[in-house]
Amino acid sequence: MTSRILALGGHEFTSRPPDRAVSELMLRLATERAGGRPKICILPTASGDTTDQIGSFYSVFGERACDPSDLSLFRLGRRPVALRDHLLGQDLIYVGGGSLVNLVAVWEAHDLGALLSLAWRRGIVLAGQSAGAMCWFEAGITKSSGRPAVAAGLGLLGGSLCVHYNNEPERRAAYLAAVGDGMPGGYGLDDHAGLLWEGGGPPSALTARRGARAYRVASREGGVSEEPIPARFLPAPAPATLREDIAEFRRIAGMRKRAGWLG
Amino acid sequence: MQRSLRQIVAFGGGGFSMESGNPLLDDYVLGLATRNPERPRVCFLPSASGDADHYVVRFYRAFPADRCEASHVSLFRREQGPEDLREHLLSQDLIYVGGGSVISLLGVWRAHGVDEILRDAWEAGVVLCGLSAGSLCWFREAVTGFHGQPRRVEGLGLLPFSNCVHYEPGSDRRLAYHELLRAGMRSGYAAEDGAALHFVGAELSRVVASRPQARGYRLDALGDRVVEMRIATTFLGDGPGFAPLVPVPEAISTAAAA
């Protein structure tokens, strides 16, 4: 089974074309892995399991040919889940954005790191954006403490990643400085650009928005180099035809159902 | 400056999170903030809930500006909060920890160094309190029921005891606590919803309650028997000038393994 990781520089579950294109790619990767109707789980840990992040995930995958679920580590009191069985039963695990430092700390507290590594080796697709993309690398640039700073990830992938490359100049500057200071090099990803690792080789770059790019970032004599990686364009699928009012109702009902955390 | 007492008030459950319309426990902890009695500084840590917005809003409603100087620290949104966590937390009179997942709470605190800061705050006389996960976190060992099956977790260890919250008759947690004590968990304290254990230093000073029947308990294992002492508890609803009861045993029972 091929190990796959999809790292995204910035993605949201909205109906905007670039977001739809990326969501569609995830559904395709999950369906390939399942050989049929896939199971897709969101881990919203980095956000503190916000209802917004969970609700927007269901608003996209709730109407598609898949079985979506969410695993809220802050709500296990209300909704106990057998973590291992649930995660290893998925075809794709999506990790949302937020605080990279908190994400890694909470996963460590719940012993999730080793479990996700096992899931990856079993060919369960690991995907994520922002903190949920950097977490797979040895290190990333996080704003978990306010200012951009280096933070460790799980290290399934060697090197480092910096997200929101086009949108957050201060994050990019901190990344270039860190690589210049000896942090392992890696990649910069614009919003709606991504890198897909399949098996052992180098990743392939993809972009869902014209102009969004992936960069190879490396320390060179006398500085740090940034080289754009040729990327495949992901077109957006036709918009879903579900009536707006029905979609809205389902979204709100889903969020209500999943709200509540006190244990 | 009267800041030498190290105080922790551990609620079994209650306060604004669980007892809408009954402010007795929240009033009690606010009354302990004696450095600035006119306008105590109170900081809410909702980390165990993942810093849930609705929980933060309810805190500010329960601790309005005319009674105290309220603030909160969200460790998921550090860019919005005080830049210097240590300075902010050490300048408080009362730190109030909300409920949720104690495992996630401890993970996030350690990642931001809040565990060390809270120990220093306690040593400096800042009153620490909280319910549920916000009670368990102060003890050496605790029983968490957050994953369905109750199990043992290690807290910050400011109090050298074990702790169990929501200690209601016949609850899974109560049975699990007895089981863990028989298996070697250190002696400790439990509190029902509405009861709070007030420690000064590492000594239980008194048990107070927002409900007349709510109680705190002391638990010890003797061989394969668990000795449970119900502790005399001061009901806070009897009006001003209550005479706090000393925490003597009210009743003693022993239970052998089921």
Any salt bridge between [X] and [Y], counting N to O under 4.0 Å?
| X | Y | answer |
| --- | --- | --- |
| D53(B) | R77(B) | yes |
| R147(A) | E83(B) | yes |
| E141(B) | R152(B) | yes |

**Asked** With only heavy atoms counted, which part of S47(B) is less than 4.5 Å from chain A, the side chain, the backbone, both or neither?
**Response**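 Only the backbone of S47(B) comes within 4.5 Å of chain A.
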**Request:** Check each atom of L75(B) against the heavy atoms of chain A and say whether the ones under 4.5 Å are side chain, backbone, both or neither.
**Result:**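 L75(B) touches chain A through backbone and side-chain heavy atoms alike.
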**Contact leader toward chain A among A111(B), S104(B), G81(B), where contacts are heavy-atom pairs under 4.5 Å** =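 Of the candidates given, the most pairs with chain A belong to S104(B).
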**Message:** Rounded at 0.5 Å granularity, tell me how far CD1 in I8(B) sits from CG in L159(B).
**Reply:**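 So the CD1 of I8(B) and the CG of L159(B) are separated by 4.0 Å.
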**Asked** Quick one: what part of A151(A) sits under 4.5 Å from any heavy atom of chain B, side chain, backbone, both or neither?
**Response**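 The answer is neither part of A151(A).
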**Atom group of S145(A) that falls short of 4.5 Å from chain B, counting heavy atoms** =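 Interface part for S145(A): both.
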**Asked** Would you say the side chain of D51(B) lies within less than 4.5 Å of the side chain of V56(B), judging by non-hydrogen atoms?
**Response**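 Result no, sub-4.5 Å side-chain heavy-atom pair not found.
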**Request:** Please determine, among G98(A), S99(A), S47(A), P44(A), the option with the most heavy-atom pairs under 4.5 Å with chain B.
**Result:**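 Heavy-atom pairs under 4.5 Å are most numerous for S47(A).
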